[in-house]
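First up is the structure itself, then whatever we jot down about it.
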Amino acid sequence: DAKTTQPPSMDCAEGRAANLPCNHSTISGNEYVYWYRQIHSQGPQYIIHGLKNNETNEMASLIITEDRKSSTLILPHATLRDTAVYYCIVRVGGGNQGGKLIFGQGTELSVKP
Amino acid sequence: GAVVSQHPSWVICKSGTSVKIECRSLDFQATTMFWYRQFPKQSLMLMATSNEGSKATYEQGVEKDKFLINHASLTLSTLTVTSAHPEDSSFYICSASTLAGEQYFGPGTRLTVT
């Protein structure tokens, strides 16, 4: 699986958009970009995933560059409860043939009042 | 989203004893489950991939005789830490994969070996 690079930490003001970048320059054509987050002492929570098109759900938006070498997770209106470590992971997707998730160090997002 | 549970949520055991941790997918069947370990201030480390009805696949450096994994049904996988030592104290997290390939994580089990 390709590796990802994320900034170790970021701050965001409550109510503002949080934009979390991720570099995955060695991503393969059949690898998806997944985002998870982990609030302290809990299991990771699935946020969103995509292959090449931008994706949006009730939690966030995922913007993937045209060359797929980087992506940005957007939390449109960050709240204090969004304070967590955010992990960007690339892996082969699709059914139970999907590859395992290998976690990097992630970005520790602190949402401040 | 799909729900995965773990039991117990925390456990304290004495050095040399064995501890079993259960991982259940509550509202879906999971042919594949994964076990992770997380030390304080560190990321999750994948330990093994568990497939229903077959032997688990362990990541490099993980002792299969120490961390016994059983995936006897489509909704249950167990991790047994045998002859636990203080260095095995950690946060153990499982995940279960849906047919669509999405992984949902359990809440984790905190193991303390004294």
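The structure presented is a predicted model; accordingly, all values stated were derived computationally and were not measured. Labels below follow one simple rule: chain letters A, B, ... track the order of the sequence lines, proteins then strands, and each chain is numbered from 1.
- Of the listed residues His40(A), Gln42(A), Gln45(A), the one with more heavy-atom pairs under 4.5 angstrom with chain B than any other is Gln42(A).
- Heavy-atom contacts from other residues, nucleotides or ligands closer than 6.0 Å to NZ of Lys52(A) number 12 or fewer.
- Put simply, the side chain of Leu46(B) does not reach to within 4.5 Å of the side chain of Leu101(A), judged on heavy atoms.
- You'll find the ring centres of Tyr87(A) and Phe105(B) outside the 6.0 Å limit.
- If you chain together hydrophobic residues whose side chains sit under 4.5 Å apart, Val19(B) and Leu68(B) never meet in one group.
- Atoms CD and NZ, from Gln105(A) and Lys41(B) in turn, are 12.5 Å apart once rounded to the nearest 0.5 Å.
- Phe91(B) and Phe67(B) fall into different hydrophobic clusters, where Ile, Leu, Val, Met, Phe, Trp and Tyr side chains are chained together by heavy-atom contacts under 4.5 Å.
- Only the side chain of Gln38(A) comes within less than 4.5 Å of a heavy atom in chain B; its backbone stays farther off.
- Both Tyr34(A) and Tyr36(B) sit in one connected hydrophobic cluster of ILVMFWY residues. Membership requires side-chain heavy atoms under 4.5 Å apart, directly or through other members.
- The minimum heavy-atom distance between Gly43(A) and Ile93(B), with the atom names listed, is CA-CG2, 4.4 Å.
- Trp35(B) and Val113(B) end up in the same hydrophobic cluster when Ile, Leu, Val, Met, Phe, Trp and Tyr side chains are linked at under 4.5 Å.
- Looking at Tyr36(A), its side chain never comes within 3.5 Å of a backbone N or O of Tyr104(B) through a donor-acceptor pair.
- Only the side chain of His49(A) comes within contact range of chain B, with at least one heavy atom under 4.5 Å from a heavy atom of that chain.
- Side-chain contact check for Gln103(B) versus Pro44(A): every heavy-atom pair is 4.5 Å or farther apart.
- Per-residue counts of heavy-atom pairs under 4.5 Å with chain A were compared for Gly108(B), Ser43(B), Pro40(B), Ser9(B); the largest is that of Ser43(B).
- Taken to the nearest 0.5 Å, the CE atom of Met45(B) stands 10.0 Å off from the CD1 atom of Ile102(A).
- Under the 4.5 Å side-chain heavy-atom criterion for Ile, Leu, Val, Met, Phe, Trp and Tyr, Ile21(B) and Met33(B) are members of distinct hydrophobic clusters.
- Glu52(B) CD: more than 12 foreign heavy atoms inside a 6.0 Å radius.
- Once rounded to the nearest 0.5 Å, the distance linking OG of Ser95(B) with OH of Tyr46(A) reads 14.0 Å.
- With rounding to the nearest 0.5 angstrom, the CD atom of Gln38(B) is 9.0 Å from the CZ atom of Phe103(A).
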